[in-house]
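A short write-up of the structure that comes next.
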Protein chains: 2
Amino acid sequence: MELFFADDIAGGRVRLDAEESAHLVRVLRHRAGDEVSVIDGRGTLYRCVLEIADARGAEARVVEEQPGFGAHPYHLTMAVCPTKNIDRYEWFVEKATEVGVDVIAPVIGERSERKVLKTERLRRITLSAAKQSLKAAIPAVAEPQSVRDFIAAAPADALKLICYCFDDVSRQLISSVLQPEAERPLMILIGPEGDFSPEEAALARENGWIPVSLGESRLRTETAAVVAATAVYLSYCQ
Amino acid sequence: MELFFADDIAGGRVRLDAEESAHLVRVLRHRAGDEVSVIDGRGTLYRCVLEIADARGAEARVVEEQPGFGAHPYHLTMAVCPTKNIDRYEWFVEKATEVGVDVIAPVIGERSERKVLKTERLRRITLSAAKQSLKAAIPAVAEPQSVRDFIAAAPADALKLICYCFDDVSRQLISSVLQPEAERPLMILIGPEGDFSPEEAALARENGWIPVSLGESRLRTETAAVVAATAVYLSYCQ
């Protein structure tokens, strides 16, 4: 099944933008009368019948709505410091979207070598990965902010987990602190190649963030992020 | 800590090949008397003192041996069909090595679009990923073989898990069939983009392979492979 994205869905009609229309009509050669599946990016899949097969602006009639299509039973924010090599960060964004994540928040640590990040490309990756993995909800990509601001702004009711390497405190394995039964939103904070600064780690603990371990392996930033997201995904599968 | 690899370690002396020697002496500018850490790729780390700082053939004296350096408490073979886009397969090889895997076995399924695979590049990736993630053992990369031959040749005493998408049988979640207490070697078989053929799946079940689920998300081949390896890694962390 091929999914298309549209943000113009109203009154039982779907209007695709030029890019999606061209893909639908020119690349996949769909014709009026064909069944097409469209996601709104907010969690609902619309089964439609194509009525106007225009490669610059296709339109379809909604036949059936499926809310929660491809949804996961948790709300996860992955706050991850950008990697020096941006390909590695984009890879994390794609894989986290496939596995199941709700918000991707690029955060800049005091030891981050990369201080700036363009989010436009990341949004294109979440869109294509959501469509490819058959999810009607597209993860939100937040604008970059400092680790300190992110820590301070995180909601009090969330289960907030921070992964870092230095041994200032004893840490439990991430799987053992997850609470699939509780319906608290989850936030996981992953540092840069140079790790968080001790001050950032202390600030996180003061603000209720729980230091967790991802096991004995020394993982790259993007690998740690995908392992953490996978730990959440697998815990909630059970 | 920077790790170097040598396969010529005997009589308390380590001889590095030209590539490792050039990196040690020319790039990192190590001098005679410096402490260097060398892995044999089979699980032992050698703490050494550099004696001959020759960029074409450096030699060091072993001061201390650390067997099992960076080892994981399981033996995992990941048998994964090559992806159309080889970058995705190479990414899986790097990530599985970081997390912890012992054998990477490329297998060719009846529905595999890619029928050939060069293993030389994969071996370079396992070497650099093992060094980067501070593991003294480098995963073995097997020569490609057919899924049918691999299934038939798998040892009887291993816990053999196969991941596929079609619903011919009910499947348990992978985490629930893993047995961290038992010391059986683990083998996980992951199919190509087009999945295994029903015949391959039936042959696997006849040979004692257990069909397992990786949850509800529809994952790409390389993502499924990393999620499965991560499920093993996290289970044995507990």
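What's counted below: heavy atoms across the whole structure, side chains too, no hydrogens, waters or symmetry copies. Proteins get letters first, then strands, A, B, ... in listed order; numbering begins at 1 in each.
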(request) Evaluate the side-chain contact (heavy atoms from CB on, under 4.5 Å) criterion for residues A:Trp91 and B:Lys95: first the C-alpha distance (whole Å), next the side-chain angles of each, then the deciding distance (0.1 Å), finally the verdict. (result) CA-CA 11 Å; A:Trp91 165 77; B:Lys95 296 316 173 193; 3.8 Å; yes
Flag if over 12 foreign heavy atoms under 6.0 Å of [atom1], [X]:
X        : atom1 : value
A:Glu193 : CD    : yes
A:Lys115 : NZ    : yes
A:Glu19  : CD    : no
B:Gln179 : CD    : yes
B:Glu183 : CD    : no
A:Glu113 : CD    : no

Indicate the atoms forming the closest heavy-atom contact of [X] with [Y], along with that distance.
X        : Y        : result
B:Leu173 : A:Leu234 : CD2-O, 4.0 Å
A:Lys135 : B:Ser217 : NZ-OG, 2.8 Å
A:Gly215 : B:Cys237 : CA-SG, 3.8 Å

(message) Determine whether a donor-acceptor pair (N or O, by modelled atom type, separation under 3.5 Å) exists between the side chain of B:Tyr233 and the backbone of A:Val227.
(response) no
(request) Please confirm whether the backbone N or O of B:Arg220 pairs with a side-chain atom of A:Glu98, one donor and one acceptor, at under 3.5 Å? (result) yes
(request) Can you measure from CG (B:Leu219) to CD (A:Gln132) and round to the nearest 0.5 angstrom? (result)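 Reported value, rounded in 0.5 Å steps: 9.0 Å.
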(message) Heavy-atom cut-off 4.5 Å, strictly under: side chain, backbone, both or neither for A:Glu94 against chain B?
(response)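 Side chain of A:Glu94 only, per the 4.5 Å heavy-atom cut-off to chain B.
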